[in-house]
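Atoms considered below: every heavy atom in the structure, side chains included; atoms not considered: hydrogens, waters and symmetry mates. In the text below, chain A, chain B and the rest are named by the order of the sequence lines, each starting its count at 1.
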2 protein chains.
Amino acid sequence: MGDDVYVVGHKSPDTDTVVSAIVYAKIKGYTPVTQGAINEETAFVLDKFGVPVPGDLGGAEGKKLVLVDHNEASQAPDNIDKAEVVEIIDHHKMNFNYPDPIAIHVEPVGSTATILAKLYKDEVAKDKAMAGLLLGALLSDTVIFKSPTTTEEDKVVAAELAKIAGIDDIETFGIDVKKAKANISDKPIKDVVLADFKDFDFAGNKVGIGQTEVVDINDVYNRASEVMDFLNDLKGKEGYEMLIFVATDIIKEGSELYYAGDKAKMEKAFNTTIGDKSVWIDGLMSRKKQVVPVIDKTF
Amino acid sequence: MGDDVYVVGHKSPDTDTVVSAIVYAKIKGYTPVTQGAINEETAFVLDKFGVPVPGDLGGAEGKKLVLVDHNEASQAPDNIDKAEVVEIIDHHKMNFNYPDPIAIHVEPVGSTATILAKLYKDEVAKDKAMAGLLLGALLSDTVIFKSPTTTEEDKVVAAELAKIAGIDDIETFGIDVKKAKANISDKPIKDVVLADFKDFDFAGNKVGIGQTEVVDINDVYNRASEVMDFLNDLKGKEGYEMLIFVATDIIKEGSELYYAGDKAKMEKAFNTTIGDKSVWIDGLMSRKKQVVPVIDKTF
């Protein structure tokens with residue numbers, strides 16, 4: 001018994017989803033799986049505690065599944081309706097419909113790791129690697145307690161996990177984790193700028209805005225000329241009126257703005273003076289709330 | 001704080017839904033409410049442990065609600081979309097969609113009372129009335145452990161609750177609870193026969209089949225002539241080819257069948273001989289599975 005139940009997280013797996021699958025599967029004697037390849041941050045956390053990467057679920061058809069860190073069909077495995085869902089553990093909003101009663105545990109905390117650490121306190125206390133994985137997942141999902149989804153419980157749980165895992169400095173460990181994901185030095189600049197990129201129409205003008213999150217803005221400064229070349233090239237090729245690249249430092253809590261387009265418009269939008277090709281704006285973290293509205297207003 | 005949160009069960013409240021609202025509200029310092037009037041069974045249980053009947057929710061608009069013993073919108077208060085749902089505790093299948101993450105606890109056990117008794121073991125251990133209410137609700141929802149939804153956990157929890165509540169004989173208490181609901185002696189016979197009544201079309205013949213559940217079939221035997229008069233009267237007035245009233249004894253696990261129509265058809269359908277006006281069929285519990293198919297076949 002047991003090994004025929006698969007614990008699976010959401011599509012585009014992040015550290016909380018992968019770690020939750022690994023930890024819950026270990027506690028229950030189930031099999032942890034992912035939907036697709038894990039990212040660099042998750043690889044860093046698993047490697048640090050010597051835990052192997054779970055296999056891929058493959059097809060969901062006919063399998064018994066525990067869904068962790070998600071519940072909505074859009075994030076669940078394809079053909080989830082041909083699988084048997086036996087349980088859900090999650091911290092997201094609920095959008096779930098299933099014909100039989102099953103065990104469901106949802107708490108509005110910062111990570112699914114937080115919930116597992118609370119529910120299986122005794123098991124986690126005995127397992128240093130498990131505590132380390134959960135701490136990494138918790139710090140990842142709460143952006144080292146900076147995400148507005150963070151609760152007091154997350155901080156309390158993190159302190160307990162750090163003690164078990166033998167991690168003295170939670171902040172430093174969190175930065176190491178985020179750094180692993182945000183490491184842009186090995187990536188083509190195209191992938192860095194376009195990884196999270198959106199097109200907008202401001203009064204008939206085509207404007208593109210990309211964003212990346214890093215833990216050390218110097219990683220971006222070192223590639224500033226590459227960024228500028230890419231933006232100028234793309235502007236000409238694709239007919240953009242303006243292109244902006246928002247490089248956010250999650251530790252310093254601000255962003256360096258790179259752009260291709262009208263300098264006066266940028267200066268007006270952000271009420272600043274742009275000396276060279278880019279400008280640092282302290283406290284700017286959100287494209288949606290702090291970039292799009294002011295650029296829209298300027299056009 | 002606290003008292004501005006309302007704990008509410010489903011529409012057409014039963015004992016598990018009302019007791020769950022009362023118990024969870026007491027534990028959390030919230031206000032228990034119902035959707036509509038409670039039934040006789042629930043009144044019996046509350047009265048036995050000296051607990052007052054909760055007030056009615058009234059409108060849901062603008063209120064903070066904890067939903068117990070249900071989650072689907074069809075069973076929730078009207079205008080639930082204009083309320084704030086803060087938590088769900090339930091043992092039913094899930095069909096829920098909400099824009100924010102909230103606390104949700106669902107377990108596939110026999111009653112919501114079982115879940116509350118497990119989650120708040122310490123609080124319940126100190127409160128005799130609370131344990132008694134929960135036991136009544138658990139026995140009601142599991143039909144004294146006879147419902148196929150019953151789990152081993154329900155039985156274990158019931159034994160613990162009985163000890164706290166000072167109830168020596170769980171079975172007898174369960175029968176007292178079911179008896180309170182199934183008490184038909186005060187009701188007009190029309191209400192007894194038609195409370196759960198369905199029309200069928202068998203090969204062009206209009207057939208009506210009603211069912212009631214009692215814990216002592218003598219309550220029905222005592223009113224047999226009333227039942228027969230009502231069936232014969234209704235048959236003539238409404239043009240039924242046949243009328244059947246299934247009086248199920250949940251303790252003896254069988255049913256007395258009363259009918260108005262062709263005796264030969266009834267005898268053939270149930271492969272029996274009907275001496276007088278009615279007949280006892282051992283093991284017959286389900287109209288859907290044990291009456292409708294055989295009558296359909298006969299026509």
Report summary line: Closest non-hydrogen atoms of B:Pro108 and A:Pro101, given as atom of the first, atom of the second and distance, are CB-O, 3.5 Å

Query raised in the report: Considering residues, nucleotides and ligands other than A:Lys198, do more than 12 of their heavy atoms fall under 6.0 Å from its NZ?
Result: no

Requested in this report: Heavy atoms only: give me the nearest A:Val106-B:Ile102 pair and the separation to one decimal.
Outcome: CG1-O, 3.3 Å

Report task. Identify which part of A:His92 has an atom lying under 4.5 Å from any heavy atom of chain B, answering side chain, backbone, both or neither. Result -> backbone

Requested in this report: Decide if atom NZ of A:Lys163 counts as having more than 12 heavy atoms of other residues, nucleotides or ligands within a radius under 6.0 Å.
Outcome: no

Report summary line: Interface check, chain A: of B:Asp100, B:Val109, B:Ile88, most non-hydrogen pairs under 4.5 Å belong to B:Asp100

Query raised in the report: Do B:Ile104 and A:His105 have side chains that get closer than 4.5 Å, going by heavy atoms?
Result: no

Query raised in the report: About how many Å separate CZ of B:Phe96 and CG of A:Asn95, when rounded to the nearest 0.5 Å?
Result: 10.0 Å

Query - Heavy-atom side-chain proximity of B:Tyr98 to A:Lys93 below 4.5 angstrom - result: no

